[in-house]
Structure formats: structure tokens, C-alpha cells
Amino acid sequence: MEVSKDYDPIKVEPRWQKRWEELGIYGFDREDKTKPTYVIDTPPPYPSGEFHMGTALNWTYFDIVARYKRMRGFNVLFPQGWDCHGLPTKVQVEKRYGIRKGDLPPEKFRELCIKLTEKNITHMREEMNSLGFSIDWSTEYRTMDPDYYRRTQLSFVQLYKRGLIYRGEHPVNWCPRCETAIADAEVEYADREATLSHIKFKRHGEDEYLTIATTRPEYLPACVVVAVYPGDERYEKQVGKKVEVPPFGQVVELIEDHEVDLEFGTGVVMVCTFGDKTDVRWVKRHKLPVVKLIDEKGNMSEAAGKYAGLTLEECKRAIVDDLRKAGLLVKQEKLTQSVGACWRCKTPVEILTKPQWFMRVLDLKDKVIEGAKQVRWVPEHMRQRLIDWAESMDWDWVISRQRIFATPIPAWYCTSCREPIVAEERQLPVTPAKDKPPVERCPKCNSESFEPEQDVLDTWMDSSITIAVHAGWPELDRRLFPADLQPNGTDIIRTWDYYLLVRHLALLGEAPYRTVLINGMVFGEDGRKMSKSLGNYVDTTMARGKYGTDALRQWAVIGASTGSDIPFNWKDVDFGYRFMRKFWNAARFAGPHLNAKIAKLDPKKLKFRPIDRWILSRLNRLIGQTTGWLEDFQFNHAMGAIQTFVWHELCDMYIEEVKHRLYGDDLTADAARYALYHVMLTAAKLLAPFTPHFSEEIYQTYFDKDHPYPSVHMSSWPEVNKKLIDESAERAGELANLIVGTLRQFKSERKMALSRELPSVVIYTSSRETAKQLKEVGDDIAGTMCVGKLNIKVGKPKLAERVLAVEPEMAKLGPRLRADVRLIVQALREAKPEDLAKQLAKGKLKLRAGGKRFELAPEDVRVIKETASAGRKVEVIDIQKPALTLLITSPRSGLVRRRTRSTRRARRRSAS
RNA sequence: GGGCCCGUGGUCCAGUGGUUAAGACAUCACCCUCACAAGGUGUCUGGGACCGGUGGUUACCGGGGUUCGAAUCCCCGCGGGCCCA
């Protein structure tokens, strides 16, 4: 058999990716009505053109679940879409062609966006395939395609009819750079340096002044009231009186409000419409008038009087200058302030009042919270983040945007009475600029003239109906709704998870997902958030370039527990590769023994030795644990357990312990081969969701011929065979490992070759049971460690032995004796260890302490002994648990026998 | 200002009331070479690895409390992060 000497993931991975595509194993079978379905709703990424490590982490989780569920016999839907209408595309197009929105006719601009999006998608799709994600590409959707946005519009129309979408005038977050309203979720807060100006307001009708502090003097023309904290002694007497606001001198009242910060500035705040979100609350609470001071571009409006037309910055300087000249500027000081900015272009956000479309999410708050409570969250505590978010909402969701590249709002306006006319369902999809409204005359004023809605929908309106769309909505396939799994990162709980919940609750009346799986954020190797500006950015192409995607996927899995943030770490990638190489080499060794003949052996007729039953028992426990952890989405635990099993139990111990049987013509060699075959095949299967290509390579190289499935990913997930879980064999196996390990250490410490023969080893134990088990594995120990003569004896060697101490077994005594444990500890410490040991030898230990009597069994305590060597020729090794004594006769230096090279080569021949 | 998360060896991370705190990376020492060096052929060679094995090293942020017993639960503080206002 031609087997490559080293595992080369860079060559192997693309080969299997191609083969899997040919086999079509990722496809959801729509015709199949027998298998249970498992639906994963994947968040459609922005087609930015780059595949971020965080996305790779995210998709690795989906892929593990998808592959696992397929092996469990589910008909898995693993769809993939693209959230095309994101702001990033618009920004990229503007940057690439050096234009701004409005420089081109909308259709032309849209074309450029589509072209760029398609290019980006192509690249990202290739990258996703290279990362080995088992996506069903036949489901691919793009939110910019008519078939998709038809449904987005349909949901708009339906929610409008139910009164859950309305048009209203409301303050919105506005980005003057992008010239659009943006949602709360798109506002990013960052600390910036600001100047706090102390300004004198003349008290109306008096010659006294009141000093206020503000960071935004340009808003003075829009000041409608000034406020202090209720009961503030400094201003108590002036509450209710009037002041004159410079520079125009409008007269406003001094009021009280509990939201005023006593310690900030002078304790007096001016309320302007609208300087920030607090102003919006104050306007609402105190029913204040609204002044439209800023226009859409961030310039001063007519309301700014002589400052009209200036930018915010220019206006600020001009007003401060004028105040200084008028002697009204008391002082200025620097401070850092948290300022909301557009998440994409970082321009500070203004608050404007504009007619907008809203979705009535505040009315759905209780339902959303109820929904969040019913859904399973992994990890649990992430649920609270969504609930906190839902509870903190104080505005309805602004769903209209002033952009070009987005889903058009299916509406028109009557030119005479401004009545909005929303499209009929049968018309969809519509582009209001091109299509006609569904009515000939305005139902309100009978006018025949209409104009199209220019605004478009927030991109979250597109992407928050994906689950319904996967299920075929409006013809809903109940097998596909709700989705079983909703996986995404911690950063989009308040957007993705929230909007999905609120939209589907509004549209279909039920929560769209059963389980939410949250992954953490990926940090750079330096522990800071991964970003290009910090210079710690690694892209996935680079990360998988070294050892392939399976090594990278192991980093994603093992790097942190589910939901925790995870730093990218090359060492974990390296380890991932080393693990595969270890397994690969073990398979190369085992290869010659893994064939159809071995697979078909009847286990009932084989002479298994305890060591074989040990590994089979451990394997079956591993199957159970791995399955449980996968069901709980604890991927790191599952992968860790498999790695430890393969590396340490299988390679370090089992393989070494059966070599002597495989090389020789031992009667039990077939049993070892059989065990090896099943352990390796099962381990490859358990690894399949994690390292799909590596598992496939192992499967195809060593096992394919013996199995009906053309791919390991089409095989079935291993089942626990309870009959093979054998505690007695596990004890025997662990005893063998303990002795082998001890002898390895013994040789290692004495700088002996592992293959050097130890002429004689005698193991003493006080337990007949242990002696029996040791005898069962004696040949394996002797064969593995080259022991000439191995004897097991019950009893103790004639050695000088001294009891050093008798210590309490807290885990036993604590729960039983509670507070009295302290007395026992004291009594054991004070008594003579020898006396205690003598008593124990008789079966029980009686103690008096604190006026009470206690009776302890041998298992309640530990006896710490020191053993002195009796003879010169024998070396003594004591093992504490279980208590064993090894007497080892070392080879005499002149008469060292080694396995000759000829026998070694003979073995090599027999193995190949 | 509010909410949430986190603090365990040099680094990362597991452990969430009960023996000696798991593992990976790192580092050091030693050993082996028979799946996990190289050459080669006749009953091997010289050689000793950036593979593998064995072992060593090093840890519960500080303070208080609850408890027979705390890394684990509670409180305070310090430090870091995230989200929101």
C-alpha cells in the first residue's frame, strides 16, 4: 500500500472538497420525508470581500454541528446567504470610484454596488469552501435579488396592514456624512476630547446671571428650557423663573428634572432640540417645542439666524467668539466625553426630526422577552443580554433609510394630501420609482397624482426574516420552522437575535429558533480585538496556509469554551497539525493490520486480553462523552477528550502495549488487530465533525474498502456499546499503564534504553483482586517493557517499612462527620502513626477526640509509608495508589541483552 | 451613570463546595530510535535529531465573610474587557 509518509493537509484538503461536492453530501434533501430535519439559520455575512477570523470561528461551530447532525441521521439544512445591502458596500463603491451618493443616477450607482457585491461573494465563497464548511450552496440567496426582496417587501406590507409598521415624525439618529437615519444599533460610542464652555444666561428682568455649562454652544439657538436637579440648593429659589439665552436672547424657563447631573459643570443644563438623546427624553417629558436647527448635511438651518448655512464646527466657533466679545463666556475647560458616532464612517451622529417609517417594537417588548426566555441559550447567560437590550429600548425601530443600494420601500405618496399608499401583495416585488401604485386615485382626497417613496429599508429588515425564507415563506414548510439552531457571535445578539425574534413574532407569532449558540469574539495574538489598525490582523487564507483548515479549525475549537472570547494563536494551529501527524503515524503503523479480514472477524471468537478490553471500554466511554458534549455544544471538551484519548491512551499506551503481540505470532494478535481497527475507525469518525478532511483521508486510506459509505461524512455516528464498557478491564488496563509508566520512568531515570531487558520484576500487592488483575496483564507489561521474568505476589516484600503518617480522606469524612472532621484531623495528627497503622491492619480504627468516639474504616484514611530497601541487588519502587511495591533487578552492565537489529528488521518485514 | 463578563503557572485555558488543581504552549534535563530521523545492506553502518517518550520547573488578583472544608458561594477593593446610556 502506498501511503504518504507525512500527512500533507495542503494537498489533501482540496481533493476531498472536490470529491464531497461531486458526492453532493451537503445537500438538504427536500424530497426526503422520513429523516428528521435539522435546520441551522446562518447569519448572512456582509459581502465585504474579506473573510474575517471571527466569521471562520462562527462557521466552524455551524459546520461541526451540521456534520455531526448528518452523521446522527438528520436531514440537515445548512444554508448560506449574503446580506448585500449593508452600508459597507456603498462605502466601498464610493471609495473605489471616488464618488459620493448622488454623483451618479441611482440605477447606475446600484449597478456598481451589484457588480462589486458579486465579485466579493465569489471570493468569499471560495474561501468558505477552502475552509471546508459543509454549506448547501443550492440554498444560496442574496438579499439584493428580486426573489428575496419580494419577501422583504411582503413582510413590510403585511406588518403595515396589521398596524405594526407606521409612518411618523420622530427624532432619529442621523449621520450627516452618510446623509441617512441610522438605528441605535448602528451608533458607536467612543471617548473624544471636548471643550466645556461656561456661559452666562441673563436672568429675565434682573441684572443677575445664571451660568450654564455645555459642550455644544452651537445648539444655543435651539435651547428651549434650562434645568437643574430637584432641590439643588444653589438654584432652588430661581426654579420657575425665566432666563435669556444668548446670543439671540430667547426667553426660557428654569425647570427641575431628576436626570440633571448635580456635579457636572455648574449643575445647570440647557435643553436643546436636539443635542443628544437625553434632550429627546426631556422634550417628551416636559412637552417642549422642537427647533429644527440642523439640516440633513449637518449644516445650520434658518433657525440659526445669522449663523445659517455654517457647518456645526464653524457655527460653534462663531458663537463662542460672539459670546466672548459680549463678555458672556466665563471660561472653557477640556474634558473627555463619550460621543455617539456612525459605526461605519465614525462621523458624530446628530439627532434630527424626520418623517420616517417605524416598526412598533416597543409594543412587542413583553413577547420578545417571553420568547427569549423560552429559547435555549448556549451559554445560558447570553439570554440576559437580549433581555437587557429589549428592556432598554425606548424608541421604536426606525426602519427607513436614505440610501440607494437597499430594498425599496413599497410605497407612494399622494402629491396633494401626502397620504402614503402601500403596495398590494400581488404587485411585489416593486420599485416605486418605476412601478405604479395599486390605486388610480387617492382614497383620501381622490387625487390622481402620486410620487414614489425615495427611502429604502434598513438592511436588518432584509436579514431578519431569513428563517421564514428558508422555510419557504409565505408558503411555510413546518419541517423547517422554527430553525433548530441560531448561531452567531456575542456582538450581534442585540441586532441579529433581537431582530429575528421581533420580526418573526410580529409576522408568524412565534419565536423563530429553538436554540441560540453564541461564539465569542476573536482577538489578535496580543489579546486585543483583531483589527487591521492594531496590526494584529490575520486573515483566514493566511491562517490556513500553514497547515490547512483542519489545523485552524482545531484552534477554533480548542482555543476557548463556547461563548468565550478567543485569541488567535499560531501555537494552537501548530498543535492541531501535530495532533493529526501523530494520528497519521499511528494509522501508518496500524495500517497493515487494518483490512477487511480483520473487520469481519467475529469478536466472540477472538481471544481478547484485558488490555484490549480496556481500550475498547475507554473508547466506548469516549463515544458517550463526545456525543454528550456535542449535544451541549461544548466543542472544546469533546475535542480535548478525543485528543487525549488518541495521543495518550491509544498511541502512548495501547499501541506500545500490543506491539509485542503484533510482531510475533501471538494467538491473540487478531484480537489486538480487531481492537486497533475499531478504535482507529471510531476515532476517525468522532473527529469527522472537527477535522473533516483529515478524518476522510484516514477513512479512505485505511477503511473505505470495508464500508458501504463513500465518505466518512456519510457514515453513521458511533454508538456506545454498553457491553464493552467494562470496569474490571479498565482497572486492569490502568494497572498495566501504571506499571508500564513506572518502569519507563525507572529506565529513563537510570538512562537505560527502553528496549533493555530487565531480568526480573516482582510486584507485591496486599490485594488478591489487584494481584489477579496484574496477572492478567502481566504478559503485556513484560512484553512491552522487555521484562525477563515478571512475578506477582500477594503480601509484602521483606523490607524495612515505616509508617510516616495516617492522613484523613476528606472527601469521605467531610460529608459524614461535618464539623467533627476537625477533631479527627487533630486526633490523627497527635497519635503515633505506627499505632494507627497497627489498628488499621485489623480492619478498623477507633479514635477518641473531643470527648467523642469515632470509628474509621481503612478507606477513610491514607497511610503514608516509607520503605527502605533490603537487598543491594534489588531496587524498590513504591506506588501509593494502589499500594504496590516493585522489586526490580537491573541488568548488569556487562551483560546487557538487547533485541538484535535482525529481529527488529524481521519484525519490520512482518509488519509491512 | 447602568448592566454583564473575566482575573488560575512565563502564556493560553479547564475546573464552579471535598484527595496531591487538569491540559496545551513554553522551558530545562534525560532517554529511545522497532508508525512518528538519515543512509544503506546482508545478518548492518555511523549517528544522534527541529519526531517521540519520561521526568523536572512554575499558579488560584488582594482583603473580609459563610462553611468542618472555598479557586469555586457572598461582600468590599484592585485590574481588564464587552454592551448600553
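By the salt bridge (Lys or Arg N to Asp or Glu O under 4.0 Å) test, Lys373(A) is found to be paired with no residue, residues two or more places apart in sequence or in another chain being considered. Legend: residues meeting ring-ring contact (aromatic ring centres under 6.0 Å, His included) with Trp629(A), ordered by chain and number and at least two apart, are His637(A). Applying the ring-ring contact (aromatic ring centres under 6.0 Å, His included) rule to Phe645(A) yields no partners; only residues at least two apart in sequence or on another chain are considered. With sequence neighbours left out, the side-chain hydrogen bond (donor to acceptor under 3.5 Å, both in side chains) criterion links Gln625(A) to no other residue. Partners of Trp496(A) under the ring-ring contact (aromatic ring centres under 6.0 Å, His included) rule, at least two apart in sequence or in another chain, do not exist in this structure. Residues satisfying the ring-ring contact (aromatic ring centres under 6.0 Å, His included) test with Phe690(A), not counting sequence neighbours, are none.
Using P as the reference atom, G53(B) and C25(B) are 10 Å apart when rounded to the nearest Å. Of the P atoms belonging to C12(B) and U66(B), the separation is 34 Å, rounded to the nearest Å. A59(B) and G15(B) have their C1' atoms separated by 13 Å, given to the nearest Å. As rounded to the nearest Å, U41(B) and C32(B) have P atoms that lie 27 Å from one another. Across the C1' atoms, U27(B) and C75(B) are found 40 Å apart, a figure rounded to whole Å.
Residue pairs meeting the side-chain hydrogen bond (donor to acceptor under 3.5 Å, both in side chains) criterion with at least one partner in residues 565-578 of chain A, sequence neighbours excluded, are Lys546(A)-Asp574(A).
When atom types are taken as modelled, the side chain of Thr60(A) and the backbone of Ala556(A) share no donor-acceptor pair closer than 3.5 angstrom.
The separation between Tyr677(A) atom OH and A35(B) atom P is 22 Å, rounded to whole Å. In this structure, Tyr654(A) atom OH and A35(B) atom P are separated by 16 Å, rounded to whole Å. Atom pair Arg578(A):CZ and A24(B):C1' shows a separation of 9 Å (rounding to whole Å applied). Taking atom CG on Asp572(A) and atom P on C25(B), their separation rounds to 9 Å, with Å as the unit.
Not one side-chain nitrogen or oxygen of His637(A) sits closer than 4.0 Å to the OP1 or OP2 atom of G23(B). Contact between the side-chain N/O atoms of Arg744(A) and the OP1/OP2 oxygens of U54(B) is found at a separation under 4.0 Å. Taking only side-chain nitrogens and oxygens, Lys659(A) comes nearer than 4.0 Å to OP1 or OP2 of A35(B).
Taking the charged nitrogens against the carboxylate oxygens, Glu350(A) and Arg216(A) do have a contact shorter than 4.0 Å, which makes a salt bridge.
Using a 4.0 Å heavy-atom criterion, one finds that Asp652(A) contacts the sugar-phosphate atoms exclusively.
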Legend entry - Structure string for RNA chain B in dot-bracket form, Watson-Crick and G-U at under 3.5 Å, | interchain: (((((((..(((.....[....)))((((((.......(....).......))))))...(((((..]....)))))))))))).
Might you list the N or O atoms of the protein lying below 3.5 Å from N or O atoms in nucleotides 1-5 of chain B, with each pair's distance?
unit_1, atom_1, unit_2, atom_2, d
G3(B), O2', Asp388(A), OD2, 2.9

